[in-house]
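One structure below.
Since this is a predicted model, take the numbers as computed values, not measurements. A note on names: the letters A, B, ... follow the listed sequences, proteins ahead of strands, and every chain is numbered from 1.
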Protein chains: 2
Amino acid sequence: MSAESNVVLALDVVRARDPEIHAFVATRDQAIEDARAVDLRASDLPLAGLPIAVKDIYDVAGMPTRCGSEVTPPEPATQSAACVQRLEELGAVVIGKTVTTEFAYFTPGPTHNPAAPGHTPGGSSSGSAAAVAAEMVPLAVGSQTAGSTTRPASFCGVAGMVFAQGSVDLRGQRPLAPSLDCLGLFAATVADLQRYVSAYSDLPPGTAAQRVLVWTPAEDSVDPQMTAAVARAAEIFRSNGLSVEPLHADRDLAILTRDHALVLAYEARRALGSVYDAHRSRLGTALVELLDAGGRITAADYEKALARRADLREKFARLLGPDTVVLGPAALGPPPAGLDSTGSPALSRPWHQLGLPVVCVPGARTDDGRPLGVQLIGRAGDEAMLLETGVSLGVGLTRG
Amino acid sequence: MSAESNVVLALDVVRARDPEIHAFVATRDQAIEDARAVDLRASDLPLAGLPIAVKDIYDVAGMPTRCGSEVTPPEPATQSAACVQRLEELGAVVIGKTVTTEFAYFTPGPTHNPAAPGHTPGGSSSGSAAAVAAEMVPLAVGSQTAGSTTRPASFCGVAGMVFAQGSVDLRGQRPLAPSLDCLGLFAATVADLQRYVSAYSDLPPGTAAQRVLVWTPAEDSVDPQMTAAVARAAEIFRSNGLSVEPLHADRDLAILTRDHALVLAYEARRALGSVYDAHRSRLGTALVELLDAGGRITAADYEKALARRADLREKFARLLGPDTVVLGPAALGPPPAGLDSTGSPALSRPWHQLGLPVVCVPGARTDDGRPLGVQLIGRAGDEAMLLETGVSLGVGLTRG
């Protein structure tokens with residue numbers, strides 16, 4: 001199929017479904033012309049003619065970057081973000097921009113969850129996860145600063161990849177907390193995600209993990225159905241011949257969780273300082289509270305949190321090694337009812353503070369059919385292994 | 001001295017000197033208020049109250065980012081670039097934005113060379129190097145995609161640091177060639193630079209190199225006085241007890257030089273594609289030629305260049321090791337006469353293709369007093385060693 005017909009079809013699907021889902025903030029007229037250029041140029045590119053959607057915190061040339069906020073300037077961007085350029089270079093065609101929560105924090109946009117009507121799609125990459133879940137695009141770009149990829153992937157029943165911190169060029173992405181902001185991608189299955197991420201990062205073929213450390217969060221608020229989904233995933237790994245052991249790291253993970261919130265608030269206050277100063281009254285309550293809190297944190301406390309993070313990164317790198325993944329719940333449970341909140345990122349915080357790559361594997365469901373995702377975490381640099389492990393699990397979970 | 005008086009003084013110096021030098025595109029009214037905030041906040045920050053200037057390819061909240069081109073939008077940026085935020089977090093105060101060549105490529109701006117009147121300051125970070133050379137600011141932010149930091153540092157007689165590719169967050173920097181674009185910093189001496197970079201990157205104290213590989217470029221166009229400056233630097237290292245040997249890598253460096261030009265053109269055409277499509281007739285000849293050339297390079301040739309780069313990165317990492325630096329000329333010679341061109345980046349291309357960190361050491365001069373810089377190149381991750389080596393050399397070169 002030509003890039004042009006792919007893109008025309010995707011835009012038709014968006015027109016048909018998005019009035020209900022509200023995953024997109026805008027579609028892109030230029031997309032069909034871009035697709036024609038791909039058809040003329042090369043059909044052997046790895047993502048040739050793939051329609052993609054981009055979270056509205058990344059620049060796409062010719063479109064404004066609104067970050068889910070009316071205080072951002074309406075002028076179109078001149079250049080596309082580095083990740084958009086990379087995907088276009090691989091043959092992908094941007095068909096539109098997707099809903100983000102306000103500045104990629106907590107205040108929700110209008111997006112519905114295609115996999116659980118009446119329930120939140122999660123956030124902050126709400127639109128990108130929903131666009132993939134509703135089969136409007138096969139690949140969508142998101143981001144993660146706390147749990148903004150793992151949580152919507154889990155809630156919408158799609159696969160998600162959080163890239164390791166510092167591993168990709170984030171130019172053209174609006175910062176929320178610079179040392180924590182990461183690229184995220186969504187696809188329907190881990191096998192699709194593996195194909196896209198391998199092309200994006202030029203990964204060699206990977207071998208699946210040999211050892212799994214199962215994380216049972218100390219929090220008593222994990223939904224029993226989520227706990228059951230993780231147990232089923234562990235069982236699949238065991239029956240595939242992997243060594244499965246419990247992870248013992250509660251104390252470190254508690255430190256990381258607390259420090260993550262501190263680092264996020266401190267950095268967000270600096271990253272969004274001028275927005276705060278100019279437009280405080282036009283920002284959502286959650287964001288104002290974050291930025292207020294960030295203003296009260298001392299530089300000394302922030303530096304201490306960074307030092308602890310550096311130590312714990314080394315510790316976890318030793319703990320994990322090249323053949324081990326951590327398996328845990330990607331969210332506290334299935335998507336909560338209503339669109340007023342996007343759920344909790346609590347189970348992403350400690351891992352995201354470490355800056356490790358994460359693959360979110362869909363397939364499990366609650367009794368009433370709502371999605372439950374599990375997350376796999378590995379070392380930075382071991383993405384090929386992580387994805388291959390995710391593929392082997394995804395097949396089992398979907399069948400089960 | 002308070003941050004406020006530092007900043008007031010720096011702005012006075014800019015007002016007095018810049019009408020002749022033209023290093024700045026704009027100064028920043030907000031700077032004095034920012035300085036007062038630093039004075040209220042903390043005096044123990046490592047860069048407390050340091051006035052800095054930022055190349056006009058980085059966003060500074062409240063100022064437009066014009067990239068040395070009239071085709072860029074005049075609207076002010078909402079958020080500052082990540083590196084600007086980092087420097088502000090350390091206590092620095094942005095007093096203004098500096099001249100860049102057109103989109104950080106070759107078409108010069110109006111900047112004069114304070115260290116060699118009538119001669120080019122080099123480019124593309126012309127204004128930042130000149131602002132430091134004219135003692136308008138102690139620290140200025142630049143960038144490098146080919147030789148945009150080493151060359152102006154060498155021509156203006158200041159110290160320059162090129163950060164390793166991928167080692168810092170470049171958000172808020174306008175891309176020219178995404179895989180090559182780097183952060184650069186300028187300071188009066190390597191000792192100052194060491195202080196600033198150590199704070200920026202949170203570096204541990206470094207030990208100087210034990211071994212120096214002296215690079216004598218195969219090109220016959222290196223000025224004999226530059227060759228003499230490198231020989232003197234080698235002699236200083238030898239008398240300091242370091243092992244000094246010739247570098248034998250001409251064939252690899254020739255491949256890297258050629259591939260660098262190819263990668264730059266290919267990526268620039270993609271990074272500036274929308275600018276090219278919309279405004280071709282309003283771009284400078286050098287940039288149009290680059291983007292035209294980039295459009296003729298095939299994806300296959302580009303991919304081959306990336307593969308060669310990956311192989312050679314490994315090879316040079318083995319060659320260098322943690323205690324070795326390469327010493328070579330930072331430019332072909334002293335700054336050429338006139339302001340119509342910014343000189344050649346030829347001697348940066350191979351090293352920049354490898355993405356290695358570089359310290360440019362000032363101190364040498366031609367008979368007629370024009371600056372001659374030498375460059376030291378090390379492995380990514382060994383920046384503390386590289387800077388300490390630069391400090392030991394800088395002291396000798398300046399005395400000699």
Side-chain angles (χ1 to χ4, degrees), chain A residues 30 37 41-42 44-45 59-62 65 67 69 71-86 88-91 103 165-176 178-179 181 202 266-267 269-275 277-279 298-300 302-303 306-307 310, chain B residues 30 37 41-42 44-46 59-62 65 67 69 71-86 88-91 103 165-176 178-179 181 202 266-267 270-275 277-279 298-300 302-303 306-307 310:
Chain A
Q30 177 72 18
R41 200 167 100 224
D44 60 345
L45 291 170
D59 289 339
V60 171
T65 310
C67 300
S69 170
V71 310
T72 50
E75 288 84 17
T78 310
Q79 291 188 264
S80 290
C83 64
V84 172
Q85 285 179 34
R86 173 71 185 151
E88 288 179 337
E89 204 172 273
L90 296 166
F103 286 104
Q165 279 162 20
S167 69
V168 290
D169 188 341
L170 291 179
R171 273 179 292 174
Q173 185 207 61
R174 291 291 182 280
L176 170 58
S179 87
D181 301 337
D202 208 4
Y266 185 89
E267 293 188 357
R269 176 54 182 263
R270 276 134 200 96
L272 294 172
S274 45
V275 172
D277 292 342
H279 306 293
T298 65
Y302 171 68
E303 297 292 338
L306 294 190
Chain B
Q30 176 72 18
R41 199 167 101 223
D44 60 344
L45 291 170
D59 289 339
V60 171
T65 310
C67 300
S69 169
V71 310
T72 51
E75 288 83 17
T78 310
Q79 291 189 265
S80 291
C83 64
V84 172
Q85 285 179 35
R86 174 70 186 151
E88 288 179 336
E89 205 172 88
L90 296 166
F103 285 106
Q165 279 161 19
S167 68
V168 291
D169 189 339
L170 291 179
R171 272 178 293 174
Q173 184 207 63
R174 292 292 182 280
L176 170 59
S179 86
D181 301 336
D202 209 4
Y266 185 90
E267 293 188 358
R270 276 132 202 98
L272 293 172
S274 47
V275 172
D277 293 341
H279 304 294
T298 66
Y302 172 68
E303 296 292 340
L306 295 190

Under a 4.5 Å heavy-atom cutoff, which of [options] has the most pairs with chain B?
options	value
A:Glu303, A:Glu89, A:Arg86	A:Glu89
A:Ser274, A:Pro178, A:Gly172	A:Pro178
A:Ala271, A:Ala61, A:Gly166	A:Ala271
A:Ala82, A:Pro175, A:Gly62	A:Pro175

*Identify which of B:Asp181, B:Leu306, B:Val168, B:Val275 forms the greatest number of heavy-atom pairs closer than 4.5 Å to chain A.*
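Highest number of pairs under 4.5 Å: B:Asp181.
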
Region of [X] that comes under 4.5 Å of a non-hydrogen atom in chain B:
X	answer
A:Arg174	both
A:Gln173	both
A:Leu272	both

*asked:* As an exercise, state the distance from SG of A:Cys83 to CG of A:Leu170, rounded to the nearest 0.5 Å.
replied: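 That separation rounds to 7.5 Å.
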
_For the student: nearest non-hydrogen atoms of B:Leu90 and B:Leu45, plus distance_ =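 That closest heavy-atom pairing would be O-CB, 3.3 Å.
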
_Flag side-chain contact, heavy atom, 4.5 Å: B:Glu267 against B:Arg270_ =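 The answer is no; the side chains never approach within 4.5 Å.
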
*Would you say the side-chain atoms of A:Glu88 and A:Ser80 include a donor-acceptor pair closer than 3.5 Å?*
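Short answer, no.
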
